[in-house]
Structures are given as C-alpha cells and as structure tokens.
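Accompanying notes for the structure given below.
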4 protein chains.
Amino acid sequence: MEIRTDLAIENRELYKEEKNEEVPGVEVKKEEGQDYTVTKVNILNHVGAKIMCKPEGLYITIEVPKLKNTDQELREEISKLLAKEIKGMGYNDKHTKTLIVGLGNWKVTPDSLGPKVIDRVMVTRQFFIAYNKDEDETVANVSALSPGVMGLTGIETGEIIKGIVEKTKPDLVVAVDALASRKMERVNTTIQITDTGINPGSGLGNRRIGLNKDYLGVPVLAVGVPTVVDAATMISDTMDMIIGSMKDKAIVGGEFYSLLDDISREEKYHLIKEVLEPYMPNVVVTPKEIDLIIDDLSIIIANGLNIALHHGIDLKDVNRYIR
Amino acid sequence: MEIRTDLAIENRELYKEEKNEEVPGVEVKKEEGQDYTVTKVNILNHVGAKIMCKPEGLYITIEVPKLKNTDQELREEISKLLAKEIKGMGYNDKHTKTLIVGLGNWKVTPDSLGPKVIDRVMVTRQFFIAYNKDEDETVANVSALSPGVMGLTGIETGEIIKGIVEKTKPDLVVAVDALASRKMERVNTTIQITDTGINPGSGLGNRRIGLNKDYLGVPVLAVGVPTVVDAATMISDTMDMIIGSMKDKAIVGGEFYSLLDDISREEKYHLIKEVLEPYMPNVVVTPKEIDLIIDDLSIIIANGLNIALHHGIDLKDVNRYIR
Amino acid sequence: MEIRTDLAIENRELYKEEKNEEVPGVEVKKEEGQDYTVTKVNILNHVGAKIMCKPEGLYITIEVPKLKNTDQELREEISKLLAKEIKGMGYNDKHTKTLIVGLGNWKVTPDSLGPKVIDRVMVTRQFFIAYNKDEDETVANVSALSPGVMGLTGIETGEIIKGIVEKTKPDLVVAVDALASRKMERVNTTIQITDTGINPGSGLGNRRIGLNKDYLGVPVLAVGVPTVVDAATMISDTMDMIIGSMKDKAIVGGEFYSLLDDISREEKYHLIKEVLEPYMPNVVVTPKEIDLIIDDLSIIIANGLNIALHHGIDLKDVNRYIR
Amino acid sequence: MEIRTDLAIENRELYKEEKNEEVPGVEVKKEEGQDYTVTKVNILNHVGAKIMCKPEGLYITIEVPKLKNTDQELREEISKLLAKEIKGMGYNDKHTKTLIVGLGNWKVTPDSLGPKVIDRVMVTRQFFIAYNKDEDETVANVSALSPGVMGLTGIETGEIIKGIVEKTKPDLVVAVDALASRKMERVNTTIQITDTGINPGSGLGNRRIGLNKDYLGVPVLAVGVPTVVDAATMISDTMDMIIGSMKDKAIVGGEFYSLLDDISREEKYHLIKEVLEPYMPNVVVTPKEIDLIIDDLSIIIANGLNIALHHGIDLKDVNRYIR
C-alpha cells in the first residue's frame, strides 16, 4: 500500500520522516514570502532520482496555505510569482514558440484543471501565421490544446501531442495537470513546476506515456496542482498516525510496543480495502466545493502562464483578456 | 466527532453494533431480490425516533451493490422497483398534483443530484392548465423545480418551496436530495425513500428548514442517494476498525487492551482535524468519476419518478422522453 | 405580419417612420456620450401607451454601437452608466431589499441572459438573516433567482415569483430578460431599463403573466438586452426596404408605382412563411458567436446591478467578486 | 453576394433554377422512403466539379422533413439509414481502423455538432491496444477527437489531424461538421455524406485547409448537417423572391419589368449590408431552440456512426451505450 503523491516535496518528506536526513543526491532551497513558501528541490543524480522515484531535474513548489480563500490580491500575487518562477527556469523568451497542453479529463471535476487552464490561456500562433511574422512586440507564439484522455479518444495523450509537435514544431511544451497529494493541507494550495515534464504514472490520470524531452524532442515544463488526496493514502497515513500515537504511550520494547509494530502491511491493506470497496483504486478525498476551486485555480495558473510566456503582457491585460 | 449519515439503516446499524439488539420502537422488514435488497425501517414511536435521530415514519432503502456498473437492464429494473415502492406508499394516484423539488447545488457535483433529476422528469402541469383539464388518460399533473441553495439565492430553500406550494397548491411534494453515507459501499448504490420529508441538518447541504408535512401542509416524500462519505466519518470509522483489530489480538483486561480503550474521543478528534485541515468540515470522499455517476443516477431516479407519478407511462415511453 | 420588438425606442421609430411626427403622449430626451446614447422615452398617458403598445412609465435605452467588441474599458463604463441610470430612477437606497429575477431559458442560448446574470450578482440576504441585521455599511439586502420557464417547470414564472415575493417581502424586484429587436444593429449593443416591469408577450419567452407592480405589489424594474432579431421581422423589413428602393425609382402615380403599393400584407406573409418554414414562429437571427456575447453581456449587466444595488461597492470590488 | 451553401443538392438546385437543365458531368439518383428522400449526386468529372464548386465524388443527401420533431422511432430509422448509406459506400469493414473527427467550435452552439457527436461515439482503439488485438467479434478499431478551432488552439485543424493520422495510422477518417444551407426547410432536417472529405471554405467554420485523401493520405468521409442559413443568403433569396413575384405581374419587356431586372447586384449587396450591420458576415438564422436540436442531432449521427463502423453493434446496444 504505497503512499501516492505527485509532489517532489512529499517524496522528500517521506524519506526524511523515515531516515531523519536529507535525501542524498538532492539539493533543497527554501524562500519564504509573507503568504507563501517556495521550495526548490533539485534532483542532481541517479541516486537522488531513485530515492525520490522521480527523474533528475528541478522541482519548484509554491505553497500558499491561504490560496483556498478568495482573496483576489493574493491570487494575483501568486500568478505573478508563478510567472517569475517559470521565466526564471530559462526555457523561454520572446522568440520561443510554446505549445501548452491541458492534460486530464474535462468530465471528471478534480481531473479537469488542465482543460480549464487551456480555456483561459492567450493563444496567438494563428496571428503569427496570418501575418507571417516571426516576432511581436507584445506577445510570443503560443498554441494550446486539451487532447482528452485515452478513455474518451482511444488514443494515448502522448501520441496526440507528439503528432502535433512534429507538425507545428514548438520550441517548448508546457503541460498542465491535476496531481495527487499526500496531505489535505496541500490540496488546492500548492503549485509544482518542473522541467522534467510529465512522467508515466503521474497525475490523476495515471499517464502511461511520459511527456518529456526524451519523447517529444523539446523541453517540457509541467505545471501541476494537487486537487485530491488518494483515499487509500489518507487512510494509510491515518492508521500510521494512530499507531504512532499509541506507540508514544507504550514502553519501547514492551509487549504492546511490539504488537503495534506487528500490524503488517497486509493487515493495513485489507483494512483499507474494506473501507474503500467497491471503488478502491478510484476513491479520492476532496473539499466539497471542488468545482468552484478548480475554476479559481485555473484562472491563477492561466494568468501565470500568460504573463510568463508573453513578454509584453502583465496582469492588468490578462484580467481583461480572460472571460 | 459524530458519525455522519443520512440513512436510517445506518443509524440502526450503529445502534445494533453497540447494543447488539434491535432498536426499540422500530420495525424492520427485509426483502431480497437477485441484485438488490429492500429494507423497510418503520419508526413507530418517539422512543425509536429519539434513538434513530429521525422522525417517526417509513424509511425504505433499496441497496443495489452492482448499481455502480453500467448494466442498463439492472438500471431499468431499479427504476421500476423505485416506482413500485413509491406507489406502494399510497400517496399518489392519477388525480394527484405533484411538485417535484430538486434540492442541492448544481455547481457542486456531489450535491447536484436533485437538480439533475429535475432536468429529466416529465413536467405536465402546463398542459393541464392550457387545456383546462383535471385529469388525463396517460399523465398526472406534475411540476418541478430546483430552487438552488441559500448561498446562491440568499433565500432558504424552504421559503421558496413554501411560496410555490401556496401558489400552486400541489397535493404532494417529492424532494430529491444527495445524502451522506457512513460507508463507501453504499455510496451511489443505495436509494432511500421516506414519507417524513427532508429534515433540518440532513442532506449534503445541511438544510436549516425542513421540508415536511408540518411545514408545507402536504405530504412530502424524500428520495435520496448517498453520493459521498464524510471524510471525518471515514477516518473515525477507520480508527475504530484498527483499534478493534488490535483489541482482537490483545488480552481482554490486559494492560494493552485498556490502553486501546483509553484512546479518547478527544484524541481521535484532534487526529481527524490534523488529517483534514484546512478544509475539515467540508471534505468528502467520492469515487473519482462522480460526475458521470451522478448523471447515471439522475436518469435512474427520474425514470422511477416518471413511472411512479404518471399512471400511463412505462419505461419504454420514459426512455424515449428523456434526452 | 407585425413587426416584433421589445424596445420602446423602436415602437417610437416605427410610428415616426409612418407619421413623421413625435408620438403624442410621449416625451423623449436624449443624451449623447462619446461611445453611447441614452434615450429616455416617457410614456405619459394612455394615448401614448396605446400607440406604443406599452404601459405608461419610463423607458431608458442605452445604445452602445461598439459594445460588441471586447474593449474592457468601455464595458466597465457601461456597467457604471447602467448603475447610474438605475439609481437615478429612485427606487432603491441602502435600506432597500431587492429580489433580482433572471427570466428566460438557460437551455436556449439567446434566452439565457437572465439566468447568466443571476449567476454573477452579489447575493447578500443570507448574511442579513444570519447576523440579524437591518442594514450594512457596504451592501444592501439582495436575493436572486432564476425561476426557469414554464416548459421546464410546469409553473408560470409569475406564480413562482409571486410566491417568493409573498414569503420574502422584498421592497423591489429587478427582472432581467433577453429581448427581441427589430434591427440587427441594436442586437447585443442596447440595454433597456424600465419601471413598468415585464409585460405579457414581451421578451424572447413571450411571457403570459406580467411581472409588474399591479401583480407583485412592489415596484418592478426590468433590464433587458435584445439578443436576436425575429426572422420574420427581418424579412418583412427587408421586403419593405426593397419595395421602398424601387418606389424611389418609379414615377409616383405611375402604373409600376401602384403595382408596388399593391403587394399586399397577405402576399408578404406568404412569402415570409415560405422562407421560414418549417420553423416559422421560432426562427431568430443572431450573430454566430452568440454564446460568447451573452457571457460578456451578463457580466456587464451583473456589474451594473451590483454597483446600483450595493451602496458601498464599486467596480473594483465587483471585478474581484465575479468569477 | 453569393449564395452560401454546403449542400451539393443546393448547388445543383441553383444551376437548375437558372438553366433549367441537369448539371453536365453530374449524375443524380433519387430514392423515396415514407419519411425521407435520399438523393445521390455523383460528380463525375471536372466539368461537373467546376459548375458545382465541389470536388468530384459522391454526395449522398438524406432529407427528413419531420426530423425536427421528437419522434424517437423516426430518429432511430434515420440512424439506421445513415449507417446503411455509409456502409454502402464501401470504405469500411470489420478490419478498418477509423478515426472520427468532430470539427467545429464547442463554444458556438450551431457549430458544436461535431464535438457533440464525438462525445457520443463508441471509442474502442484503446482496447485493441491493451489486449494487443487486430480484430474483434463485435467492434472495430475506432478512435475519436474534437481538435477545436484555430481561434481556440492557434493551430489549423488540418495540422492537428494530420499529425494524429501520421502517429496512429487509421485506414479511414470520418469528419463530422455543421454546415450552412440555403433554405430554412433543410436546416436540421438534412444529412449529407460525401467521400470527398472536407474542403477549404466549407462548414460553419470556413476551414482553410481541407481534410481529404490528398492531404491525409487515407479516404475521408464527411458527414454534415446544415444547422443554419447564412443571413445574407436568406435576405438575398428573399429579395429574389419578391422581385420574382412582381415580375409575374409585370408585362415581360415592359417598363416595370426591365426596372425589376435593373436592381443590380450592388444595390442588393448594399441593402443586405444595411440590414445585417454591424455583424454582417457572421449572422446566421436558426430556430430558437438550436441548443436542444443539436443535442438530438448529435445522438442520431453518433448512433448512425456506431452502427456503421462496428459490425456487431445494433441500435439496441447503441441506445444502451450512449448516456
């Protein structure tokens, strides 16, 4: 019964909880703002990659505990921060042709973040073609698409994107996806940006083919927000907590203590199964108003992308642009 | 940290788990079909009502474990069964004027069952008025409305409905609502019908004003399906299960056993709070594809109501009618 | 084959085209802004009312030819202008309890303006109730509802609203509705405000019961935007134009001239019927992107209402509030 | 001011109205059913192609005047008829891998037919891949996609489809699109099937790149339904009708007659412009309830495709499958 998380900071947290040391092969930097924390986890080599179960590369996490409330000023600040971090990664300038890809299923609310962001990004490639231009004072060349999920199209998302990349030859792909977190407190309050793209098994949709530089031939930035906690993960963590809290009371080495240690993975698994049947692998924990929250998040992310990708666009323009 | 459930059979189950006896003042009958169980819980007096935390009256629960799969034949069977049970309650015949009310918030997926059912019921009152008729060979006089929730309208649902009841004078109100269950296995597989209406605190929306005969002056049937488990309830139940499983291994009366008994309500509450913050009271557990499931359920319920209320309509007509 | 219009300025225009004089019993004032014209048509008595086919009262029309383009500044200016005109009518102050009603069918795009405005207005009545307040520094007491159309609910819109008015006792009702214009140039560029409420036969939905002070017992302001031209009206006008253009060339009193005069109402009617069958009475002319235009208009109207009704709210707050 | 139509039978009609003879290089066959007419227009050579402004190939038109009403039996009959005609063209059998493409803009109701059909077709390619199968007893290998329009994605529809065709190598592409008709009576009552694919300028979206065998390298069937009449076309036709009706009364060769002939194209154009400004090129005439009609049509078309493409699927299965 593995812990299910798409956040690098949570993989690191899990390691540190167990080993009480920093993950080897991983460099971590933190910056604190008034309302947010930015954590940059850099997986430097294959040792770090193996422990973290994630490819080498940079994972920037923006945590904004208050993001769930509807404070417009903070939201705008986070859009700007997201734009700054994306630009800071150095993959785009005003000549960069970018394809934004909204992953996920628009018919499944917690998985609809990607498609909803696509609805709100500024798409300009058609004007570059119509006016036969190579650059523009205000905007860069951006196209955008929500390919749908394999259950709807019969086609792997990766195949669709690769076909389009080959035809339209962007310099950069930005993939937006809904993620799973291990902790409720990170749900809808955390944005992860990585230059390693989308990798097999990640995201709510459990992608089979990765969307990364190896596969697509151009750099792939992935921007994700955890929108759910996997229910099995939550129950497993809850059980660990209660066992831990009993251990605190028991005498180390005593009978009860070892009894507590005895609760096997298998026992836990059966318990989780019992609680979650008949839906087991597909049960998620979300705030009730997830529909509204996803709407809000998609505006924050789309604003961030609009500012990051278009050199002459700031938040004022963006607010006007987005319906 | 109370167990949150809107199902009478679960209130009964909780009592029986603790006391190992039937609830006094309550009569229970069970019928088994091949793919379903119908349980009729009749709360006969105020003793039963107090223990069950529910008003006196009849609670019919249809449990269909396979309902989550898309077997069209079974769905149609359940629509017919639902119609049969509603008609069996004896509140309507071909002269009955019925107002169907879809409770819940159409912007919050798990709470949107009521409004989605309203979208699919056959509404006929306008024809009775246009042709100045009192009865018809095929259909009864039915109107339908989704009043929205107080957060959207600023008006208590009960006030809106009472205003309309006073103007249009139906003989019967049928209220459809999304419920909370205690157990995942009942989510989206269970239909509860009751002649006690909707009572304060029930449903996902935690209604403040009840919709019942006392308030509206006409009988109110409530039809509900649990679409979520409250996350706090699930975690609380999970903790009880793991403690129970440890107790099974410990020696009764031994030190460890009493340690397990010692885990106080307060400790549990703090644990739940820690797991669920910052959303605490509004976190729900649902299958990921809840959007699609609610769509399917709304067809089953609407079909059942169409057959139950209109004397000359059967499933074939109904399939043709609903888009 | 009558000309179908819900705009008072068009009824006046028709009279003036024919009679070449101002409508008796009607007073007209015009104000020109840089990008808009405000025309105030005041029907003073029953003579004016009869000619205009509209009840006595004030009809304010804001015409903004450029409104169809997406210039955010102009839209905000129009929201403020709408607010100013509504407040200028003198029906509300900070103590006024207002019920906003969104008329129309949310399943029929050109008729969905009312419901979409309701989605975006600030609703506050629930807080006045929760905190047991009579007034507030910033906001007035506002509730809002889209009752649906009779085809969906089986209940006359008027009955639903009257029931709710009796229960919640607002001081003012504001009804928002989609209208029909006679001319394409006014579609989606014109806002009409009137203190005569909604009258039978008006709006895209052809309401049967009026929503006005007589019926509801409180003043009713109606805010409407023409979203279509009735196709029969357009064809009829087109025919008149071509006949007119031929008359200009013919010799007055000549054979051909009289031939043109000879084209009877009946002939015209048959021609229109031939062109529009099989849909005849339900064919409308709209810009192709009506879905997006209605979305934009609903924001402009909702913003205007939010500023008009809430004394401490300005456009900045409103932009932040609306999703 | 050209007549705008995407229907081959209307191009033919226009020629015949003027010349009173069959189009040279074109073969026409008609079959009459009780409730429908099937017209097969075969453009045999470049002479026919030039006159018809359409590529050589077969154009099958199913006209069903009663289709606008909600008679379920007739709809099912038309789905079966559509399936028969598609199969009869001989492009697919149980081994054929088909990619269905839904053209058009899901945000513009009359242009949303393609995407709505995609929502309802049976997609199976993922199972063929998962089970590594080449054929199946019941279903053929079908994938499906709505690429969006260039205004939303920045990418020509053709480029997206070509990229996907190159990656997934289907044997056949079926493109579904909303069309423009010249006559209201054909709107939403007519289905055109052609083996010439989608050609530049056709459809509501006025595609720039064609989707045909030349471009994609595999046969392309196009299935379309006219959902609008272009407003300029309707007005132009109306003017011709009224002039025609006056000519009938005038003496041939007389003064008035030649006056009528005198009404120049330019005059007509200015009149149309005056009527339709400010929207001119984007004004369409549709029945008011176009939203509901498109929903119904998408089911009929999707059903037809499901039966045509999957050898072991009939209407009963299909009704169960589609939500």
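Here is how names work: the chains are called A, B, and so on, in the same order as the sequence lines, proteins then strands, and each is numbered from 1.
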Which answer fits D/Leu99, side chain, backbone, both or neither, if we ask what part of it has an atom under 4.5 Å from a heavy atom of chain A? side chain
Okay, D/Asn141 and chain A: the region with an atom under 4.5 Å from a heavy atom over there is neither
Could you measure the distance from the CD atom of A/Glu156 to the OG atom of D/Ser143? Nearest 0.5 Å is fine. 12.5 Å
D/Glu159 portion near chain A, given a 4.5 angstrom heavy-atom threshold: both
Side chain proximity check, A/Ile164 to D/Ile155, heavy atoms < 4.5 angstrom: yes
I'd like to check A/Lys167 versus D/Ile160 (side-chain heavy atoms, cut-off strictly below 4.5 Å). Are they in contact? no
Contact list (residues 144-152 of chain D to chain A, heavy-atom gap under 4.5 Å, by number) returns D/Ala144, D/Leu145, D/Pro147, D/Met150, D/Gly151, D/Leu152
Residue A/Ile129 versus chain D: region with a heavy atom under 4.5 Å: side chain
Tell me, side chain or backbone of D/Ile161 under 4.5 Å from chain A's heavy atoms, or both, or neither? neither
Looking at A/Ile118, A/Asp119, A/Val142, A/Ile100, which has the largest count of heavy-atom pairs under 4.5 Å with chain D? A/Asp119
Proximity breakdown for A/Thr153 and chain D, heavy-atom pairs closer than 4.5 Å: both
Taking atom NZ as the centre, does A/Lys213 end up with more than 12 heavy-atom neighbours from other residues, nucleotides or ligands that are less than 6.0 angstrom away? no
D/Lys97, NZ atom: more than 12 neighbouring heavy atoms under 6.0 Å: no
